[in-house]
Amino acid sequence: MKNYLAIDIGASSGRHILGTVKDGKIALEEVYRFDNGQVRRNGHDCWDIEALVASVKAGIDAALAKGPVESIGIDTWGVDFVLLDDKGELVGDAVAYRDARTEGADREIEAQVMSFEDLYARAGIQKAPFNTIYQLWALKKEHPEQLEKAASLLMVPEYLNYRLTGNIVHEYTDSSTSSLLDAKAKDWDFDLIDRLGLPRRIFGKLEMPGATVGEYKGAKVVLPAMHDTGSAYLAVPARDDNAVYLSSGTWSLLGVENMEPITTKESCQANFTNEGGAWGRYRYLKNIMGLWMIQSIRRELNGVSYVEGKAGDATAQALAALSDYEKGRKYSFADLEGAARASSSFRTTVDVLDNRFLSPASMIGEVVGAAGARGAAPTTVGEVMQCVYLSLAECYANQIRSLSAITGKTYTSVNIVGGGSKDTYLNSLTAAATGLEVFAGPTEGTAIGNLIVQMIVGGEFADLAEARRAIVR
């Protein structure tokens, strides 16, 4: 029986999960978990990339202590990158996608390079202020010397693989989030890259999930779908072709799988995205702010800063305005869900697609302010939470209606995977808002999708359909 190791890293934490096939089913064991936060460096919010490397290696050691590992696969969030020089050394910091450096970059590109409609027709990626295209534009303005010195651009999981194996291998699904690929060709759009004034040399040949990167301590390092949503979508145990997928974590990624990208004007206006998936699939979806809002509220209530070295007065002011806030109490997610249920009579919602919630000084303050502008402002912890819960469910319902209008399909169920699938209150509100049957689980969908690619490479399953049948629901 072979052991396969999935390393799944999100914006708040990472986990190492061993997977095996027992009696025809995929069995999981978490062997290591670590926190992932941000630090303030050189005026920007950055990932502590060296701490990530150390955590990845420590978790692999924990897995190897249990026995030999056939292969290792890493997945993370998308869009973020590092630059390497011709000696393989880092050029600059690993700036995080919630950093404010990209403010106005979209307008500048639209004025100087091409309209967003033309960009969307080529790349098929929704407009989001953190897209790699906007990060590189901002970097070119602030630190052109870094691009001049760079020999390679590596997305975050590609860099982690490089630190394990010494090999630079670029992967398709994570790179597709950059808005720099030709969606139909599944390759870099070098005409666009030239127009942006970016050096061609830093964009290397793309490999598909399943390729081997190298070895680390006797285990093969294999490319899964390195973008975490790409892995999560592989693990959705959909009942039929009329299912909507919802990968529920820090972000809520709601959509379907297609075999061709949809880059029409209607799709552009709805701001859906066509991200690359394994085996030539496309993840056609909408990025929704998701559990980030709940995570941020909990951090504020518990006195925790998301970015080390970055704090302000906004949180203190927001907490002081809540009539039932208990200073010194450690609020759990269960506490927050219970508070929301107890405040079910509160009905004001906010637009969770609004970028005001992307990286606010105070999430509580933004929710209170946005709700107050629409109707009643929440005044208790429970009302703040009820507002967020209702708003997420309302957004899911609206986006499913938009999805149906664009694809011409009638959807009959919502299949939720990821950590958010455990939130029974959000699931029930989603069912009520959409009028659809909701299926929850598996919770570790991203890790399972990561393992599925490795296990197909390792000969455990013939194809994706067989692997999906082996998922324990």
Side-chain angles (χ1 to χ4, degrees), residues 11 43-46 77-81 83 92-144 146-147 153 155-156 174-183 188-199 202-203 227 229 251-253 255 261-276 283-290 292 351-361 366 370 395 399 402:
H44 294 290
D45 297 344
C46 301
W77 66 96
V79 305
D80 286 345
F81 62 90
L83 298 174
D93 297 314
V95 180
Y97 64 85
R98 293 188 193 275
D99 184 78
R101 68 174 173 168
T102 59
E103 184 175 350
D106 58 335
R107 295 188 296 274
E108 292 177 4
I109 289 175
E110 288 161 24
Q112 299 176 40
V113 181
M114 67 177 62
S115 69
F116 178 69
E117 290 75 14
D118 288 341
L119 175 61
Y120 186 88
R122 301 166 76 127
I125 299 298
Q126 73 171 41
K127 181 189 283 191
F130 46 72
N131 288 347
T132 314
I133 187 173
Y134 303 131
Q135 292 198 48
L136 284 167
W137 184 266
L139 180 65
K140 189 179 74 163
K141 289 178 60 181
E142 183 181 13
H143 290 296
Q146 291 185 11
L147 283 171
L153 179 148
M155 307 300 280
V156 167
D174 207 50
S175 297
S176 75
T177 66
S178 67
S179 199
L180 293 169
L181 267 61
D182 180 315
W188 299 112
D189 185 337
F190 282 110
D191 175 66
L192 171 61
I193 287 166
D194 290 343
R195 293 195 197 189
L196 293 165
L198 302 173
I202 67 175
F203 302 98
H227 187 226
T229 314
W251 288 91
S252 290
L253 297 311
I262 301 176
T263 58
T264 61
K265 289 183 179 180
E266 183 183 21
S267 180
C268 178
Q269 291 170 355
N271 209 29
F272 273 77
T273 199
N274 297 268
E275 295 174 351
R283 303 187 311 279
Y284 186 65
L285 55 85
K286 173 64 72 73
N287 280 289
I288 299 168
M289 208 62 68
W292 160 253
D351 178 9
V352 297
L353 298 176
D354 194 324
N355 284 332
R356 71 188 294 172
F357 302 118
L358 180 63
S359 186
E366 289 297 335
C395 186
Q399 297 310 313
S402 181

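Computed from a predicted model, the values in this text were never measured in an experiment.
In this pair, Phe130 and Tyr97 present their aromatic rings perpendicular. The plane angle is above 60°, beyond the 30 to 60° band. Between Phe190 and Phe203, the ring planes lie perpendicular to each other; the angle is over 60°, past the 30° to 60° tilted range.
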Mind running side-chain contact (heavy atoms from CB on, under 4.5 Å) on Leu139 and Phe81 for me, showing each step along the way? CA-CA 12 Å; Leu139 180 65; Phe81 62 90; 4.3 Å; yes

side-chain contact (heavy atoms from CB on, under 4.5 Å) for Glu117 and Gln269? Distances and angles first, verdict last. CA-CA 9 Å; Glu117 290 75 14; Gln269 291 170 355; over 6 Å; no

I'd like to know whether Ile109 forms a side-chain contact (heavy atoms from CB on, under 4.5 Å) with Leu196, so could you lay out the CA-CA distance, the side-chain angles of the two residues, the decisive distance to 0.1 Å, and finally the verdict. CA-CA 8 Å; Ile109 289 175; Leu196 293 165; 4.1 Å; yes

Step by step, would you call Asp191 with Arg195 a salt bridge (Lys or Arg N to Asp or Glu O under 4.0 Å)? CA-CA 6 Å; Asp191 175 66; Arg195 293 195 197 189; 3.2 Å; yes

Test log, rule side-chain contact (heavy atoms from CB on, under 4.5 Å), inputs Lys140 and Gln135: CA-CA 9 Å; Lys140 189 179 74 163; Gln135 292 198 48; over 6 Å; no

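Taking both residues in full, the closest heavy atoms of Phe116 and Ile125 are given as CZ-O, 3.7 Å, listed atom of the first, atom of the second, then distance. Shown here for Gly290 and Ser252, the closest heavy-atom pair between the two residues is CA-OG, 3.3 Å. Nearest heavy atoms, Gly124 versus Ala183: N-CB, 4.4 Å. Minimum heavy-atom separation, Ser179 to Ile133: CB-CG2, 3.8 Å. Scanning both residues, Ile193 and Trp188, for their nearest heavy atoms gives CD1-CB, 4.1 Å. Residues Cys46 and Asp93 approach most closely at SG-CB, 3.7 Å, considering heavy atoms.
Between the SG atom in Cys268 and the NZ atom in Lys265 there is a gap of 9.5 Å [rounded to 0.5 Å]. How far NE2 of His227 is from OG1 of Thr229: 4.0 Å, rounded to the nearest 0.5 Å. Of the inter-residue distances, the one linking Asp189 atom CG with Asp182 atom CG reads 5.5 Å to the nearest 0.5 angstrom. A distance of 9.0 Å separates CG in Leu198 from CG in Leu153, rounded to the nearest 0.5 Å.
Looking at Thr132, its side chain does come within 3.5 Å of a backbone N or O of Val79 through a donor-acceptor pair. Proximity of a side-chain donor or acceptor of Asn274 to a complementary backbone N or O of Ile262 within less than 3.5 Å is detected. Counting only distance, with no hydrogens or angles, the side chain of Trp251 and the backbone of Trp77 share no donor-acceptor pair below 3.5 Å. A donor-acceptor pair is defined here as one N or O able to donate and one able to accept, closer than 3.5 Å; no such pair exists between the side chain of Thr102 and the backbone of Tyr134. A donor-acceptor distance shorter than 3.5 angstrom exists from the side chain of Tyr120 to the backbone of Phe272, with no hydrogens or angles considered. Remark: the backbone N or O of Leu353 is paired with a side-chain donor or acceptor of Asp351 at under 3.5 angstrom.
Residues Leu253 and Lys286 fail the side-chain proximity criterion, which asks for heavy atoms closer than 4.5 Å. Looking at heavy atoms from C-beta onward, Leu136 lies in side-chain contact with Leu180 at the 4.5 angstrom threshold. The shortest distance between side-chain heavy atoms of Met155 and Thr177 falls below 4.5 Å. Counting heavy atoms from C-beta on, the side chains of Val113 and Leu119 never come closer than 4.5 Å.
Partners of Thr273 under the side-chain hydrogen bond (donor to acceptor under 3.5 Å, both in side chains) rule, at least two apart in sequence or in another chain, do not exist in this structure. Evaluation of the side chain to side chain contact (heavy atoms under 4.5 Å, CB included) rule for Lys141 yields Glu108, Trp137 as partners, not counting sequence neighbours.
When only modelled atom types and interatomic distance are considered, Gln126 and Asn131 share no side-chain donor-acceptor pair under 3.5 Å. Side chains of Tyr284 and Ser267: a donor on one and an acceptor on the other come within 3.5 Å.
A salt bridge links Lys127 with Asp106: the distance from a Lys NZ or Arg NE/NH1/NH2 to an Asp or Glu carboxylate oxygen falls below 4.0 Å.
Gln112 CD: more than 12 foreign heavy atoms inside a 6.0 Å radius.
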